[in-house]
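Note sheet for the following structure.
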Amino acid sequence: MASDFCAGYLSGAIGIIIGNPLDVIKVRLQAGHNSADAAAAAASKQRLSRFELARGAAAPILGYGALNAVLFVAYNRSLKFMDSSVTDPTNPQGIPLYRLWIAGAVGGLASWTISSPTEYIKCRAQLDNRPEVSSWTVAKDIAQTRGWRGLYYGGGITSARDSIGYGFYFWSYEYCKRLVASENDDVHQAAIKVLLCGGIAGVATWASVFPLDVIKTRLQAQTSGICPESRPLLPSQNNRRELNSFQIAREAYRNEGMKVFYRGLGVCSIRAFIVNAVQWATYEWLMKAFTNVAWNESFMPENAQAHR
């Protein structure tokens, strides 16, 4: 478990560092006119400063690393449970693709415990223009105003998005790898194919769940603090009626049509390709490195007696 946990954590953290600037733009495009005073829509049209592009990065760097670790551990264990013949989770040859989808969906559900509060904090931080508002400030405000359970606001739609999305994530990655597989590849060709398949898997994943992500963003943006400094971070519940996921979807469709559910998909796809290409390459490289270290250590002179 240590190998896939560490590889998942490090690859997830690296992916967030690379992709956070584009994620800020995606979230602000998704929030559109639903955020307070339509400030999110205005912010998405103006030039973003370097500081703004780094907004909300702290929560996902810490949280998404752990999320990715839990995701890959749960995926690997689920795959092993369904088929005991799996010895290398990075190369599940011969395993039916539907099993990969199921294992990915299980991994997505397992990672929800981390992704839900991480996404909420990230969304609130990215949608607030005030420089003093950080991920930590947002987390404290949520806990003080809603209690610790408030960190899971929007958890239902987040869990549905994660389960479906990660099912397609692992399914599309392995399917792409099988399409481009060749026995004559050298190291560089193999690396390029991993980057390509990882990028395609990221785009396919977001395309499959983007409407759910738009609804999730708008649901969480209801409590965004994009407002004059005299107003609190989290608007009083007595002054605002919060809509649920179904009401938000219905209102968005009535006001802006079907296209609203795909606003920001272009930016998201560019980000998804880059982030997941690097993330999958990092994960596979680390898994191979950890495996080689474990193998070499087991055959060191002091351990040789155990293998005789």
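In this chain, numbering begins with 1 at the start of the sequence shown.
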Next item on the list: Give every residue pair that meets the salt bridge (charged side-chain N to carboxylate O under 4.0 Å, His left out) criterion with at least one member in residues 100-111, sequence neighbours excluded.
Entry: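 The answer is none; no pair qualifies.
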Could you tell me if the side chain of [Y] sits less than 4.5 Å from the side chain of [X], heavy atoms only?
| X | Y | answer |
| --- | --- | --- |
| Pro211 | Tyr262 | yes |
| Val267 | Arg271 | no |
| Ile200 | Ser172 | no |
| Leu79 | Pro92 | yes |

Item checked: Derivation and outcome, salt bridge (Lys or Arg N to Asp or Glu O under 4.0 Å), residues Glu256 and Arg250 -> CA-CA 10 Å; Glu256 301 173 68; Arg250 185 170 60 247; over 6 Å; no
Margin query: Assess the residue pair Leu243 and Leu219 against the criterion (side-chain contact (heavy atoms from CB on, under 4.5 Å)); give the C-alpha distance rounded to whole Å, side-chain angles, the decisive distance to 0.1 Å, and a yes or no.
Written below: CA-CA 7 Å; Leu243 305 179; Leu219 178 70; 5.9 Å; no
Item checked: Crowding at CZ, Arg254 (>12 non-hydrogen neighbours, <6.0 Å) ->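 Correct, the count exceeds 12.
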Provide the closest heavy-atom pair for [X] versus [Y] in the form atom of the first, atom of the second, distance.
| X | Y | answer |
| --- | --- | --- |
| Cys197 | Cys176 | SG-SG, 3.0 Å |
| Cys123 | Gln220 | CB-OE1, 3.7 Å |
| Trp206 | Ala272 | CD1-CB, 3.5 Å |

Item checked: From CA spacing to verdict: ring-ring contact (aromatic ring centres under 6.0 Å, His included), Trp112, Tyr152 -> CA-CA 10 Å; Trp112 165 83; Tyr152 284 86; 5.3 Å; yes
Hey, quick one: are [X] and [Y] part of the same hydrophobic cluster, counting side-chain heavy atoms closer than 4.5 Å, chains of contacts allowed?
| X | Y | answer |
| --- | --- | --- |
| Tyr153 | Ile248 | yes |
| Ile274 | Val203 | no |
| Ile102 | Phe168 | yes |
| Val138 | Leu151 | yes |
| Leu179 | Leu97 | yes |

Notebook entry, point to check: To which residues is Leu109 joined in a hydrophobic cluster, defined by side-chain heavy-atom contacts under 4.5 Å among Ile, Leu, Val, Met, Phe, Trp and Tyr, whether direct or through other members?
Noted result: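 Traced through the cluster, Leu109 reaches no other member.
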Next item on the list: Would you sort out whether Phe261 and Phe210 count as a side-chain contact (heavy atoms from CB on, under 4.5 Å), showing the intermediate values?
Entry: CA-CA 7 Å; Phe261 297 110; Phe210 202 76; over 6 Å; no
Notebook entry, point to check: Passes side-chain hydrogen bond (donor to acceptor under 3.5 Å, both in side chains), Tyr283 versus Asn68? Steps please.
Noted result: CA-CA 10 Å; Tyr283 175 78; Asn68 217 48; over 6 Å; no
Item checked: Ring centroid separation Phe72 to Trp280 under 6.0 Å ->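 Yes, they do, as the ring centres are separated by less than 6.0 Å.
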Note to self: Taking the six-membered ring for Trp, are Tyr166 and Trp101 closer than 6.0 Å centroid to centroid?
What the structure shows: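 Ring-ring flag for Tyr166/Trp101: false, centres at least 6.0 Å apart.
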Approximate separation, where rounding is to 0.5 Å, of [X] [atom1] and [Y] [atom2]:
| X | Y | atom1 | atom2 | result |
| --- | --- | --- | --- | --- |
| Ile215 | Thr158 | CD1 | OG1 | 11.5 Å |
| Ser135 | Ile121 | OG | CD1 | 7.0 Å |
| Leu100 | Phe170 | CG | CZ | 9.5 Å |
| Lys216 | Ser159 | NZ | OG | 12.0 Å |
| Asp213 | Ile157 | CG | CD1 | 9.0 Å |
| Asn276 | Tyr173 | CG | OH | 10.5 Å |

For the pair [X] and [Y], find out whether any cationic side-chain nitrogen is under 4.0 Å from an anionic carboxylate oxygen.
| X | Y | value |
| --- | --- | --- |
| Glu119 | Arg161 | yes |
| Asp141 | Arg146 | no |
| Glu284 | Lys177 | yes |

Next item on the list: Check the pair Arg99 / Asp83 against side-chain contact (heavy atoms from CB on, under 4.5 Å), numbers first and verdict last.
Entry: CA-CA 9 Å; Arg99 290 187 178 180; Asp83 195 325; 3.4 Å; yes
Donor-acceptor contact below 3.5 Å, side chain [X] vs main chain [Y]:
| X | Y | result |
| --- | --- | --- |
| Thr145 | Ile142 | no |
| Thr113 | Ala110 | yes |
| Ser163 | Ala160 | no |

Next item on the list: I would like to know whether Thr118 and Leu67 meet side-chain contact (heavy atoms from CB on, under 4.5 Å); could you show each step before the answer?
Entry: CA-CA 9 Å; Thr118 298; Leu67 180 156; 5.6 Å; no
Side-chain donor-acceptor pairs under 3.5 Å in residues 186-194, sequence neighbours left out?
residue: Asp186; atom: OD1; partner: His188; partner atom: N; Å: 3.1
residue: Asp186; atom: OD1; partner: Gln189; partner atom: N; Å: 2.7
residue: Gln189; atom: OE1; partner: Asp186; partner atom: N; Å: 3.1
residue: Lys193; atom: NZ; partner: Val180; partner atom: O; Å: 2.6
residue: Lys193; atom: NZ; partner: Asp185; partner atom: OD1; Å: 3.2
residue: Lys193; atom: NZ; partner: Asp185; partner atom: OD2; Å: 2.7

Note to self: Does Gln144 form a side-chain hydrogen bond (donor to acceptor under 3.5 Å, both in side chains) with Lys140? I'd like the steps, not just the answer.
What the structure shows: CA-CA 6 Å; Gln144 292 171 0; Lys140 288 194 299 182; over 6 Å; no
